[in-house]
Amino acid sequence: MKLFNWFSRSSAPIARERLQILLAHERNERHQPDLLGVLREEILTLISRHVSFDPDKVQIKMDRGKSVSTLAVDIEIPNSFGAPGETSQHRRPRSKRLRNDGARTMDQRVA
Amino acid sequence: MKDKKSARVVVVTSGKGGVGKTTSTAALGAALAHLGEKVVVIDFDVGLRNLDLVMGAERRVVFDLINVIHGVAKLPQALIRDKRLENLNLLPASQTRDKDALTEEGVAKVIAELRSKFDWIICDSPAGIERGATLAMRYADTAVIVTNPEVSSVRDSDRIIGLLDSKTEKAERGEYVDKHLLVTRYHPWRAARGEMLAIDDVLEILSVPLLGIIPESEEVLRASNVGSPVTLNSPASPPARAYFEAARRLKGETIPMHVPSESRGIFNKLFGRKAA
């Protein structure tokens, strides 16, 4: 094969490598068909135990990078949030990331 | 109906369109019939039927698969017996645009009825992974995955393999659909020059045993032009010989794997390989 690579027409090795990488990734995803759905469900259950919010105002996004992937969870929480069950009348006009929220951050909760 | 048969249900599938599913269904069906087996080929491509055309029966279609499912016609009325081989039959697809015309229960009933009358039921799957394709594979015992040595075809085949392992009745019962890879439109010299994925590359990536390698040939186009399976139209041609060998492997025979060629010998020596 090395010998053939000297000639520029040998593109099959590239095809093989691209396929191997892609299919390894796609097969992995097939086994966890709805990873985002499961994450969403579990994260929302966890947070709703402590804070009440509108389930429609939740955005969960996954970005796959080359070496690192990011999971962004964006939950809009009313300013006067309280224990679950308490309904709040005032909502923040724009959604704000939970981790940027001045009152309580995810980091503090985890710590 | 006289002798109690129990057919093997084979789905010819690929995911990607244009790789040779219909050609391969016709060629394998005719080859098996030529070997003395009782064969029915079913076109599952509702709305875009073509198996009738490739088999030269387009002017003899009266009733179709959907008519049988809906009770408009009885199964024997819809079956078209091949003019060249009397034990080769075709059940055509309909031209309806209604995608929901094909139902799971309907297909199950038709397959069950055919099982007692034939040795082989070969289902020609439509391209894609929609209803038609999943129903074509639904009751399969065996799958023939048609793949071109090209990236998009290999990727789609991998997707189809995933579906065969999860969406078929056998898979749901915890059993295993027997899978075979049929590589079509293969150019041995291009693969040797590194311009095309080699058979070993495709086998390594998909890890499905090889059923046959069909070389690219003008005979395939010629056969479809005249409406005759290549295995009947030019049985001595390289693609026909490859299909005949694939058919015998399907039957369980062990035949050394090679790529048939015009110049007998040279390629066979160069690309001779053992059956997977």
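Atoms considered below: every heavy atom in the structure, side chains included; atoms not considered: hydrogens, waters and symmetry mates. Here is how names work: the chains are called A, B, and so on, in the same order as the sequence lines, proteins then strands, and each is numbered from 1.
- Taking CG from B:Leu28 and OH from B:Tyr243, the interatomic distance works out to 6.5 Å, rounded to the nearest 0.5 Å.
- Atom-to-atom distance recorded for B:Leu181:CG and B:Leu210:CG is 6.0 Å, nearest 0.5 angstrom.
- The distance from the CD1 atom of A:Ile47 to the CD atom of A:Glu42 is 12.0 Å, given to the nearest 0.5 Å.
- In summary, of the residues considered (B:Val144, B:Leu250, B:Ile145), a side chain to side chain contact (heavy atoms under 4.5 Å, CB included) with B:Leu182 occurs for B:Val144 alone.
- Inspection of non-hydrogen atoms places B:Val151, B:Val154, B:Arg155, B:Asp158, B:Arg159, B:Gly162 of residues 147-164 of chain B under 4.5 Å from chain A.
- At a cut-off of 3.5 Å, with distance as the only test, a side-chain donor of B:His258 or B:Glu245 sits close to an acceptor on the other residue.
- For the ring pair (Phe, Tyr, Trp, His ring centres under 6.0 Å) test, residues two or more places apart in sequence or in another chain that qualify with B:Phe244 are B:His34.
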